[in-house]
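Each chain gets a letter, A, B and so on, in the order the sequences are listed, and its residues count up from 1. Only this structure's heavy atoms are used, side chains among them; waters, hydrogens and symmetry mates stay out. Every value quoted in this text rests on a predicted model; they were computed, and no experiment measured them.
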Amino acid sequence: MLPLKDYRRYGRQMILEGFGLPGQVKLKEASVVVVGAGGLGCPALQYLAASGIGRIGVIDHDVVELSNLHRQILHTETTIGMPKALSAAKAISVINPQSKVEAVVQALSPTNATELLAPYDVILDCTDNAPTRYLLSDVAVALRKPLVSGAAQRFEGQLCIYNYGENGPCYRCLFPKPPAQETVGTCEETGILGAVTGIIGNLQALETIKIIAGLKDQAPSLLLFNALQTPPFRSIKLRNKKPACAACGSGAKTRGMIDNTDYVQFCGGPPANWVERGL
Amino acid sequence: MLPLKDYRRYGRQMILEGFGLPGQVKLKEASVVVVGAGGLGCPALQYLAASGIGRIGVIDHDVVELSNLHRQILHTETTIGMPKALSAAKAISVINPQSKVEAVVQALSPTNATELLAPYDVILDCTDNAPTRYLLSDVAVALRKPLVSGAAQRFEGQLCIYNYGENGPCYRCLFPKPPAQETVGTCEETGILGAVTGIIGNLQALETIKIIAGLKDQAPSLLLFNALQTPPFRSIKLRNKKPACAACGSGAKTRGMIDNTDYVQFCGGPPANWVERGL
Amino acid sequence: MASSVSLKIEFGGGLELLFANQSSHKLTLPKFVPISNSTSLSSLSSSNLKDTDTESATSDDAAIPDGLKRVDVTYLLHHLRDHLLKERPELFMDKETVRPGILVLINDTDWELEGEGEYELKSGDELVFISTLHGG
Amino acid sequence: MASSVSLKIEFGGGLELLFANQSSHKLTLPKFVPISNSTSLSSLSSSNLKDTDTESATSDDAAIPDGLKRVDVTYLLHHLRDHLLKERPELFMDKETVRPGILVLINDTDWELEGEGEYELKSGDELVFISTLHGG
Ligand SMILES: [Zn+2]
Ligand SMILES: [Zn+2]
């Protein structure tokens, strides 16, 4: 099933009870796409590659900037100016030359998202803005794939698996209406402690590995993290999917909705810096 | 206080309320030593370097092996056979060329530990065996430095700050007697999921940054993690330091104890593989 | 049982910035409150009701005074907005509920599973209001 | 109040391997148990004591039958060793307490802060037994 070298490389996880050779083979045969190669995407990609996932996609249209480097640990001073997707792909190819890495330097949009995400088993939301989060959720519903979603700002992080299992909710089940734009900060505006994105991105990799290996239960939950609080982690029991949900509900026409939604307008229109960034 | 370039590089964390310019200056003036450049040490080193810590020590006498690569994400196929301390130091110098990195390719022992650890403000225990954990705790007590301790096996991890603040316990306050050797597994024997070491090592970096920036409260606590449980994290309220502790108690002669303890014998003698590894 | 309920309130995801930048609050509300959710008399009604209530601790169906209801999450929202909020109420409430993007958690459970605004509060309940994050 | 206490038990850090590889257990123990910590008659003494106990729910100083004590953590250790442990008791207990390297947590608090073995168990308590990890 596996080349001899893989037994040596992955031996420490293959002797895990409940994982074993079948778990490693599942990782090798699996494909995962990480949308966003920033603070969350970098650590997620790193541990996904190291674990032996067979095929990994990286989608990001941004380029590396000096202000990213305090948290986006796959990029370096020498890759400043390079598209993040390429910089990250290069870095994880060094971590694991056996993983097939596919870099996409494009902004995700309603017209290309379905096609770009369809070839993968699991989707990771490592993005940094509300419109793309709604778009990713809708596409994950349309493609019937689990969406491992992370977010981080200031000293806080949030982790949730959407559209997973029989009854798992989608992003719209939880947040049918987008927040008003003035309530939404970005890492540029509100700041972010690097290690916080590391912890959430790492947890996204772990949850993805659990899903692929069949170790993940299906009870919908949300993990909250606050680096300054005691206790720092809080696990929340979430609602099931909602029959009336516009995206995943019983009568929903998700694909049509994706084609006809202007996600930026839906989320209150572009703030100045989104326009610059081509969203 | 900081060069202009640092304002751009660390701007996203310098705008954090409660961190700011003073926090960044504290990181720059701080020194940290990571003992063990393995599954825990790699992610810890990575985020410590990226955050802008001024001086970072890496102590490890092992060499990189293929079986490390599924979780020790600073090492690569091209550094197999190289001492881990050097491989890790090289990797974090790429992440942040401004951090001064000091690699030590030596096994920590009662005769060299005090001297090797004294030059640093905070010590991270990223090791993989009981004798070194007792030694590190005793030396941290003797040097009056906080010890940020992580551990991981199978699907589980543990995080604790020892010898911190007025009343924080040391490792011996919690575990005065070492466990019998047959009860102690290693990652080689019991297996380890890579992302689990990533999460614990990352949390060690975060706690270290909090200590340096003055954001860490002093209530003794222990964080337990189990990747397969719901909820995955559990925070425990711990005892204070014990007046009768052999290491940190009121009448303890810690330095003399360090000189006169054979830590391997104290922990039940060397298992076969420790002898080979020169512990 | 007392004539009031004691609650622990937490704000997260940036919402604490609206509440004096303090994430943890302790709060005591009267057990019966106006159906209108008017919070202007809350401390008064609390003392008014003390006698009525103390002896009816175990009889849950004791007559509820006219115009009042058992204190619920909707009332709590109004109380937080009227008495704890320091600025810009539209960033917390929208009509009679929380604004889009806020999740309400009752004892670590999504409030949708607990009846949302109609959940009747009891002493010791912990309510968390969390704003969803978008950064990464 | 019943004549027994219901407990939630968790094992971690590898200890679950000694307990049928199951980390979560639910357990009911009699409210009064032998001072000797003998667990051989526990179910018997539980039923024997039912009558004595049910009416003394609120009077905490009610006479404790001769040779018995209120159930405590030390008794629980013996019960776990004698009835739940599947193999190698020396990996769990050492003399009358847990072996070195095991931490006992009572409701998410280090047992040292709660009286260690002498802590008297009450229904709903959650006990965690965790083996310290050394890997990295
Ligand atoms: Zn939905
Ligand atoms: Zn001590």
Using heavy-atom distances under 4.5 Å, tell me whether [X] contacts chain B through its side chain, its backbone, both, or neither.
| X | value |
| --- | --- |
| Lys237(A) | neither |
| Leu223(A) | side chain |
| Thr230(A) | side chain |
| Gln72(A) | neither |

Given 3.5 Å as the limit, does a donor-acceptor pair link the side chain of [X] with the main chain of [Y], or not?
| X | Y | value |
| --- | --- | --- |
| Gln24(A) | Met14(A) | no |
| Gln204(B) | Asp125(B) | yes |
| Glu77(B) | Leu66(B) | no |

Looking at chain A, which one of [options] has the largest number of heavy-atom pairs inside 4.5 Å, strictly under?
| options | result |
| --- | --- |
| Lys5(B), Glu207(B), Glu65(B), Arg234(B) | Lys5(B) |
| Ala219(B), Ala227(B), Ser51(B) | Ala227(B) |
| Arg8(B), Gln46(B), Lys216(B) | Gln46(B) |
| Ala205(B), Ser235(B), Gly198(B), Gly201(B) | Gly198(B) |
| Phe155(B), Tyr7(B), Tyr10(B), Phe233(B) | Phe233(B) |

Q. More than 12 non-hydrogen atoms from neighbouring residues, nucleotides or ligands closer than 6.0 Å to CD on Glu17(A), yes or no?
A. no
Side chains of [X] and [Y]: closer than 4.5 Å at any heavy-atom pair?
| X | Y | result |
| --- | --- | --- |
| Ser87(B) | Val64(B) | yes |
| Leu86(A) | Thr79(A) | no |
| Pro220(B) | Asn240(B) | yes |

Most contacts with chain B, counted as non-hydrogen pairs under 4.5 angstrom, among [options]:
| options | value |
| --- | --- |
| Leu203(A), Ile209(A), Leu228(A) | Leu203(A) |
| Ile200(A), Leu16(A), Leu206(A) | Leu16(A) |
| Thr76(A), Ile95(A), Ile199(A), Leu215(A) | Ile199(A) |

**Q.** Spacing of CG belonging to Leu48(B) relative to CG belonging to Leu27(B), to within rounding of 0.5 Å
**A.** 9.0 Å
Q) Under a 4.5 Å heavy-atom cut-off, does chain A meet the side chain of Ser221(B), its backbone, both or neither? A) neither
Give the table of side-chain donor-acceptor pairs shorter than 3.5 Å for residues 28-39 of chain B, with sequence neighbours excluded, one pair per line with atom names and distance.
| residue | atom | partner | partner atom | Å |
| --- | --- | --- | --- | --- |
| Lys28(B) | NZ | Asp6(B) | OD2 | 3.0 |
| Ser31(B) | OG | Arg55(B) | NH2 | 3.4 |
| Ser31(B) | OG | Pro119(B) | O | 3.4 |
| Ser31(B) | OG | Asp121(B) | N | 3.1 |
| Ser31(B) | OG | Asp121(B) | OD2 | 3.4 |

